[in-house]
Amino acid sequence: MLSMAANSFPNKALLAERVDKLIHALSNGVYEREHTMRLCLLSALAGESVFLLGPPGIAKSLIAKRLIEAFDGSRFFDYLMTRFSTPEEVFGPLSIQELKDHGKYVRLVDGYLPTAEVVFLDEIWKAGPAILNTLLTVVNERTFKNGQETLKVPMRLLITASNELPDEDSGLEALYDRMLVRVFVNRIQEKQNFKAMLMGEGPEMAEIPEALKIKADEYQQWQTLIDHVSLEEEIFETIYQLKRVIEEKVETGESNELYISDRRWKKSLRLLKASAFFNGRDSINPLDLLLLQECLWHSPESRQDIRDILRDFASNTVFGQQAATQQADTAQHQIEEVHQEVASKLCMTFGHDTLMGKERYKYDFSGAKRYTVNNNSRMIKLVMLQHNPSVSEQETGDSRWVYVDGDEFEKKIKTGHCDIYGFVNKNTHLCRLHFEIDASDRLVIKDIASRNVLVGIAGDYGVSQEQLAGWQQKVQQATDAIHEAAHLLKLARSRFHGALPHNFVDPEFPVLIEQSLTTASEEIDTIQRHLDKSAMRLTRLTEYFA
């Protein structure tokens with residue numbers, strides 16, 4: 001038995017499982033309405049109201065009638081509004097006996113809205129002011145003034161529906177603003193579902209198992225427990241970030257349809273707390289925030305704007321994906337700056353002049369250290385100052401340095417480019433190498449992808465220990481930053497998976513988030529591998545120039 005006594009604390013895992021089973025039971029036989037059913041049930045469990053927007057004949061009333069079955073022993077009231085509807089038809093007729101005997105206007109409310117737990121009002125905006133003004137008080141305070149007596153209204157869920165929105169300046173904005181969850185209900189989209197609906201071949205709506213039904217004492221206990229769900233500072237900052245994104249779109253003129261009242265933000269928080277609670281958690285998870293997609297729009301235009309904003313928010317922001325990748329990008333920029341400093345300090349820069357119409361390049365090789373390689377004592381060591389796949393097809397992997405005949409090289413490079421044979425790294429077989437002097441008069445070697453790699457020369461032109469220590473310190477700072485970014489992303493992934501499965505959020509969101517976390521992780525891994533290579537290259541720079 002999954003139900004619990006009123007004085008017992010609910011088992012979180014069992015409660016989340018129970019809610020999921022209840023949603024599936026309610027949705028069985030109602031085509032393509034499971035997500036709407038989830039949102040309506042969450043609204044009922046949070047004590048909030050729902051507005052269903054959609055054309056006639058798409059099972060809006062059926063959704064409401066199914067939801068009443070979620071509550072054990074509850075009463076249901078539904079009514080189709082028209083311009084001629086009277087308060088008596090919604091709130092109950094006047095008692096002739098009370099008027100006759102005591103001269104009091106008292107309504108007979110039994111069986112009408114003031115005594116129902118689940119209420120469905122179709123074509124809500126067609127109702128007159130007398131009904132809507134009273135309804136506003138009922139929604140706000142959950143009370144109904146009946147003569148001299150103020151009755152407590154047991155309404156857990158109000159579902160309103162229409163195929164249109166209230167007209168501007170109609171005076172209905174206050175009531176519409178209290179419809180926290182707003183769902184667009186469309187016609188059946190899937191071909192097989194449409195066929196099953198036509199042919200009556202789908203599953204029939206079955207009775208809800210008693211073990212899943214919500215008891216009155218449970219419901220009351222849960223309302224108190226929902227209030228104790230925590231809003232962590234990090235989650236508040238994420239909500240505020242979303243608020244600023246929306247407001248900036250209004251300020252910049254990108255959208256004029258995104259006004260969101262403070263009341264709506266406040267009411268939304270309780271929905272987020274209820275989502276966390278009925279997913280078995282003590283605090284709001286970033287995934288819960290995506291329910292705001294159903295709370296922040298008020299027109300078809302703003303609905304699309306909010307959908308776009310929330311999808312971008314899910315893909316980049318809600319679990320800190322963008323912050324982690326930006327930190328990684330910053331670390332990469334720091335490394336690039338170090339490489340630029342190294343290259344600027346250590347690269348070979350040539351002078352040049354023109355003789356008889358020909359440009360000649362010159363460099364003082366007198367300080368170059370000479371090496372003996374394969375019995376040739378004239379070899380000089382040219383160091384690659386940038387990453388490269390290799391500077392020779394015969395050698396794979398990062399080339400760190402090459403040995404070439406110094407006298408031959410000095411003679412050939414005067415023209416601004418040359419091909420020369422040399423040895424790559426510590427290998428002892430000759431490779432053909434191509435050098436050029438670039439537009440900034442710096443010596444470069446072409447790698448196997450024909451990209452320029454800046455070159456330095458071993459000898460008096462090497463790096464000092466002080467310079468090296470400064471570069472290595474910057475590399476260490478970048479390394480720490482990238483490790484922190486990877487750690488933040490790991491925590492985000494853990495927090496995300498810890499919120500799954502989610503009973504209420506649009507199923508498209510977890511897919512988007514999973515993809516974005518994977519992409520961010522791959523990006524950070526790529527930067528980290530590049531950074532590790534850079535760190536190793538700088539750490540061993542003195543060896544390269546030795």
Practice task
Would you indicate whether Lys243, at its atom NZ, is surrounded by more than 12 heavy atoms from other residues, nucleotides or ligands within a distance under 6.0 Å?
Solution key: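 Yes, because the 6.0 Å sphere around NZ of Lys243 holds more than 12 heavy atoms from other groups.
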Exercise for the section: Flag yes if more than 12 heavy atoms outside Lys533 fall under 6.0 Å of its NZ atom; otherwise flag no. Expected result: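 Not more than 12 within 6.0 Å, no.
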Problem - Distance, nearest 0.5 Å, that separates CD of Glu69 from CZ of Phe76 - result: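 Between Glu69 CD and Phe76 CZ, I get 10.0 Å after rounding to 0.5 Å.
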Practice task
Establish, for the pair Arg311 and Phe509, whether the NZ or CZ atom is under 6.0 angstrom from the six-membered ring centre and no further than 45 degrees off its axis.
Solution key: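 Yes, Arg311 and Phe509 form such a contact.
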Exercise for the section: State whether Phe319 and Arg493 meet the cation-pi test: NZ (Lys) or CZ (Arg) under 6.0 Å from the six-membered ring centroid, and within 45° of the perpendicular axis. Expected result: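 That pair does not qualify as a cation-pi contact.
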Exercise for the section: Test Asp312 against Arg307 for salt bridge (charged side-chain N to carboxylate O under 4.0 Å, His left out), laying out the working first. Expected result: CA-CA 9 Å; Asp312 181 71; Arg307 286 174 67 84; over 6 Å; no
Output yes when [X] and [Y] qualify as a salt bridge under the 4.0 Å nitrogen-oxygen rule, no when they do not.
X: Glu48; Y: Arg156; value: no
X: Lys60; Y: Asp122; value: no
X: Arg281; Y: Asp288; value: yes
X: Lys249; Y: Asp305; value: no
X: Asp20; Y: Arg38; value: yes
X: Asp227; Y: Arg270; value: yes
X: Arg107; Y: Glu149; value: no

Using modelled atom types only, decide if a donor and an acceptor are shared between the side chain of [X] and the backbone of [Y] within a distance under 3.5 Å.
X: Arg66; Y: Ser27; value: no
X: Gln293; Y: Leu290; value: no
X: Thr325; Y: Gln322; value: yes

Exercise for the section: Give the C-alpha distance, both sets of side-chain angles, the deciding distance and a yes or no for side chain to side chain contact (heavy atoms under 4.5 Å, CB included) between Ser43 and Leu157. Expected result: CA-CA 7 Å; Ser43 299; Leu157 174 64; 4.0 Å; yes
Problem - Matching residue for Met155 among Arg75, Glu117, Arg142 - test: side chain to side chain contact (heavy atoms under 4.5 Å, CB included) - result: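 When side chain to side chain contact (heavy atoms under 4.5 Å, CB included) is applied between Met155 and each of Arg75, Glu117, Arg142, only Arg142 qualifies.
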Handout entry: Criterion side chain to side chain contact (heavy atoms under 4.5 Å, CB included) against Tyr79, the qualifying member of Leu121, Ile124, Val119
Key = Leu121
Problem - side-chain contact (heavy atoms from CB on, under 4.5 Å) involving Pro55 - partner list, sequence neighbours excluded - result: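 Partners of Pro55 by the side-chain contact (heavy atoms from CB on, under 4.5 Å) criterion, ordered by chain and then number, come out as Ile58, Arg187.
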Practice task
Take Phe277 and Leu45, measure what side chain to side chain contact (heavy atoms under 4.5 Å, CB included) needs, and give me the verdict at the end.
Solution key: CA-CA 10 Å; Phe277 179 75; Leu45 294 171; over 6 Å; no
Handout entry: Ring centres under 6.0 angstrom apart (Trp125, Phe51)
Key = yes
Practice task
Would you please indicate yes or no on a ring centroid separation below 6.0 angstrom for Phe91 and Phe144?
Solution key: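 Centroid separation for Phe144 and Phe91: below 6.0 Å.
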Problem - Side-chain donor-acceptor pair present, Gln528, Asp532, cut-off under 3.5 Å - result: no
Problem - Donor + acceptor pair across side chains of His35, Glu508 (<3.5 Å) - result: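 Short answer, no.
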